[in-house]
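What follows is a short report on a single structure.
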Amino acid sequence: MMIMANKLYLVAVLVASYAALSSARTFTVGDDQGWMSGIDYTDWTSGKTFAVGDKLLFSYGSQYHTVTEVSKSGYYTCSGSNALSDDSSGWTVVTLTAPGTRYFICNIPGLCSSGMKLSVTVAESGPVPSGATRGTLVPAMGSVVVAVATGALVKLALF
Ligand SMILES: [Cu+2]
C-alpha cells in the first residue's frame, strides 16, 4: 500500500510538472507600455493569474529605471536598501519559481513612491480553481488528478 501511494504521488508530481512547464507563459509587465512611471501596476495585475513557471518580462529604458526585487516591507516603504536583486539593463526577465508574493520596485529616487511598483502573487501549483484562466493543459491535469484520486490510474502508476 505504501509503495502504491508513493507511485501515485510520483505520477501526480510528474503530471503537475509537465502541465506547469507546458502552460508557462511570459507576461510583459505593463503590456505595450512596459515598465515606466505613470502606470498603475496594481491595475495591470488585476484579473491575471500567475502560476509557478511563468515569467515576468520588464522592458524599460536602460539606466532610467531599475527592476529591484524587495521584501514586502521594502515594497510598502519604497526602500531598495535590502534588495533581493537589482537590474537596470533595460530588459529583465524574472521566473516565478514558487508560490507566494514577489515584490518589485523602481529604485530611482521618487519613482516607486509615485507608483512604480509591482507585487505579483503566484498561485499554488495543483488543481486550478474553477473560473481561473490558465493554459489549455490544466483542465486535463485536473482530470488526471481526479483519476488518481479515484484509483483509475493505478495501472498507469505500476507499468
Ligand atoms: Cu522607474
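- Every side chain to side chain donor-acceptor pair (under 3.5 Å) that Ser79 has, sequence neighbours left out, goes to Ser81.
- When all heavy atoms of Thr101 and Ser119 are compared, the pair lying nearest together is CG2-CB, 4.3 Å.
- Counting only residues at least two apart or on different chains, the side-chain hydrogen bond (donor to acceptor under 3.5 Å, both in side chains) pairs with a member in residues 32-46 are Asp31-Trp44.
- Qualifying side chain to side chain donor-acceptor pair (under 3.5 Å) partners for Thr66, counting only residues two or more places apart in sequence or in other chains: Thr68.
- The two residues Leu56 and Val120 make their nearest non-hydrogen contact at CD1-CG2, 4.0 Å.
- In this structure Ser88 satisfies the side chain to side chain donor-acceptor pair (under 3.5 Å) test with no other residue, sequence neighbours excluded.
- Within the structure, the salt bridge (Lys or Arg N to Asp or Glu O under 4.0 Å) test picks out the following pairs touching residues 96-111 (sequence neighbours left out): Glu69-Arg102.
- Not a single side chain to side chain donor-acceptor pair (under 3.5 Å) links Thr77 to another residue, sequence neighbours left out.
- Residues Tyr60 and Val67 form a side-chain contact, since some pair of their non-hydrogen atoms from C-beta on lies under 4.5 Å apart.
- Val94 and Met116 fall within the same hydrophobic cluster, where Ile, Leu, Val, Met, Phe, Trp and Tyr residues are linked whenever their side-chain heavy atoms come under 4.5 Å apart, directly or through other members.
- Counting only residues at least two apart or on different chains, no salt bridge (Lys or Arg N to Asp or Glu O under 4.0 Å) pair has a member in residues 113-122.
- Closest heavy-atom contact between His65 and Met36: NE2-CA, 3.9 Å.
- Residue pairs satisfying the salt bridge (Lys or Arg N to Asp or Glu O under 4.0 Å) criterion with at least one member in residues 77-88, sequence neighbours excluded, are absent.
- With sequence neighbours left out, the side chain to side chain contact (heavy atoms under 4.5 Å, CB included) criterion links Thr28 to Leu57.
- Of the N and O atoms on the side chains of Ser73 and Ser71, at least one donor lies less than 3.5 Å from an acceptor on the other residue.
- Residues Ser89 and Ser62 come closest through the heavy atom pair O-CB, 3.5 Å.
- Counting heavy atoms of neighbouring residues, nucleotides and ligands inside a 6.0 Å radius, atom NZ of Lys72 does not exceed 12 of them.
- In this structure, the separation between CG on Leu96 and CZ on Arg25 is 10.0 Å, given to the nearest 0.5 Å.
- A ring pair (Phe, Tyr, Trp, His ring centres under 6.0 Å) check over residues 72-95, counting only residues at least two apart or in different chains, returns the pairs Tyr75-Tyr103.
- Under the disulfide bond (SG atoms under 2.5 Å apart) criterion, no residue pair touches residues 30-74, with sequence neighbours excluded.
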Contacts under 3.5 angstrom, residues 104-114 side chains, donor-acceptor by atom type, not counting sequence neighbours:
{"from": "Ser113", "atom 1": "OG", "to": "Gly110", "atom 2": "O", "distance (Å)": "3.1"}
{"from": "Ser114", "atom 1": "OG", "to": "Gly110", "atom 2": "O", "distance (Å)": "3.3"}
{"from": "Ser114", "atom 1": "OG", "to": "Leu111", "atom 2": "O", "distance (Å)": "2.9"}

